[in-house]
Amino acid sequence: MGFPVHRPRRLRKNENIRRLVRETTLSVDDLIYPIFIEDGENIKQEIPSMPDIYRYSIDRLDEELEEVVNLNIPAVLLFGIPSHKDDVGSDTWNDEGIIQRAVRHIKKNYPQLYVITDVCFCEYTSHGHCGVLHGGNVDNDQTLENTKKQVISHAKAGADMVAPSGMMDGVVKAIREALDGAGFTDIPIMSYSAKYSSSYYGPFREAAQSTPSFGDRKSYQMDPANRREALKEVALDIEEGADIVMVKPALAYLDIISDIRSNFNVPVAAYNVSGEYSMVKAADRLGWIDGEKVIMETLLAMKRAGADIIITYHAKEVAKLLKG
Ligand code: PBG
Ligand code: ZN
């Protein structure tokens, strides 16, 4: 029994009825804001391809943190840019490393803010790859050993959650064992489970100075052509002890978010990555799209696809828009 009995437009007549039948909402509660922290003093450096996103030194971080707290954004995800890079990325497990000092500063001055640390090596290695190299290839198991040292150091500094992004096999298991062995049984792991080898990371690599000096990341990050493989990666991560799984990038991978949501019962995070941010900002600046509306529509689509959490450089502007 179709038309004229059924007229779907009845439920679109005005904003009140639209509010009542709306299936998906976007809230500040869903957002994680990434922050770049650079070793040094008095640094507030805008990233050329990411308007309004800056690299801060710890002594300039407060202006950013105060805004995040005032906007009621629940969590930040920290990326460090060390002054010292070497072939293994040893700053990552140095208790006086850039991230460890940043975490201590934040937890001391903004204890209510939830602090998540990115766990990888590419910003810290002289070659820009996400682990230890052996014959031009990233050595999986040696990288796991260094990852264990890194997460224990992050936990000792006060991190609330760790987020491994290097796509090493077995990394969640290695981290869970390391944290539990050191007494940090209640620190959760948000795993970058389905992280694709994507050209959308370009602006981030400029921001974090983490472009590989040779080759690419295709031997560890996923092939953008693969959909079923994402379910395998997520299943392995959950089995190894992941508390939250992530899909990255987000917008070009909504099918992956949707598949994971319908196959698993853990929270799903979507990483709205740097290139997605830059494209919206560029088109908005050219006057070609209404940036604010496109941002809200895009993040809503990620929620509709099944994401519970969105990691986004737009977090502050979205929080302001939601406040009205
Ligand atoms: C590094 C890392 C990357 C991002 C987060 N962690 C880049 C990469 O894999 O080269 C991308 C984030 C973004 O583009 O916003 N492991
Ligand atoms: Zn990396």
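Residue numbers run from 1 in the order of the sequence given. Just so it is clear, the structure is predicted and the values come from calculations on it, not from any experiment. Ligands are counted one by one from 1 in listed order, and the atoms in each one are counted from 1 as well.
Those atoms of ligand 1 with a heavy atom of Tyr271 less than 4.0 angstrom away are 12 (C), 15 (O). Applying the 4.0 Å criterion to heavy atoms of Lys248 picks out, from ligand 1, the atoms 2 (C), 3 (C), 4 (C), 5 (C), 6 (N), 11 (C), 12 (C). Less than 4.0 angstrom separates some heavy atom of Lys195 from each of these atoms of ligand 1: 1 (C), 2 (C), 3 (C), 6 (N), 8 (C), 9 (O), 16 (N). Taking every non-hydrogen atom of Cys122 and a distance limit under 4.0 Å, the qualifying atoms of ligand 1 come out as 1 (C), 16 (N). Atoms of ligand 1 lying under 4.0 Å from at least one heavy atom of Cys120, given by number and element, are 16 (N). Near Ser165, with a cut-off below 4.0 Å to any heavy atom, the atoms of ligand 1 are 1 (C), 6 (N), 16 (N).
In summary, of the residues considered (Asn72, Leu71, Val318), a side chain to side chain contact (heavy atoms under 4.5 Å, CB included) with Lys323 occurs for Leu71 alone. Tested against Cys122 for a side chain to side chain contact (heavy atoms under 4.5 Å, CB included), the candidates Ser165, Pro212, Cys130 yield a single pass: Cys130. Phe36 pairs with exactly one of Phe204, Tyr56, Tyr54 by the ring-ring contact (aromatic ring centres under 6.0 Å, His included) rule, that one being Phe204.
Taking the six-membered ring where the residue is Trp, His105 and Tyr110 present tilted rings, their angle falling between 30° and 60°.
The six-membered or imidazole ring of Tyr277 lies near that of His314, with a centre-to-centre distance under 6.0 Å.
Looking only at heavy atoms of the protein, atom 14 (O) of ligand 1 is closest to Ser274 OG, 2.7 Å. Arg205 NE, 2.6 Å is the protein heavy atom nearest to atom 10 (O) of ligand 1.
Annotation: Tyr192 places no N or O atom under 3.5 Å from an N or O atom of ligand 1; distance criterion only. Looking at ligand 1, you won't find any N or O of Glu123 less than 3.5 Å from one of its N or O atoms. Considering backbone and side-chain atoms alike, Ser210 places every N or O at 3.5 Å or more from each N or O of ligand 1.
Within the 3.5 Å criterion, the main-chain N or O of Glu292 finds no donor-acceptor partner in the side chain of Glu317.
At least one heavy atom of Tyr313 sits closer than 4.0 Å to an atom of ligand 1. Gln221 counts as a contact of ligand 1, since one of its heavy atoms falls under 4.0 Å from the ligand.
Here the angle at the Zn ion (ligand 2) defined by SG in Cys120 and SG in Cys130 stands at 100°, rounded to 10 degrees.
A cation-pi arrangement is absent between Lys195 and Tyr271 under the rule of less than 6.0 angstrom and at most 45 degrees off the ring axis.
One finds the CD1 atom of Ile35 at 9.5 Å from the CD1 atom of Ile53 (value rounded to the nearest 0.5 Å).
Taken together through direct or relayed side-chain contacts under 4.5 Å among Ile, Leu, Val, Met, Phe, Trp and Tyr, Leu113 and Val103 form part of one hydrophobic cluster.
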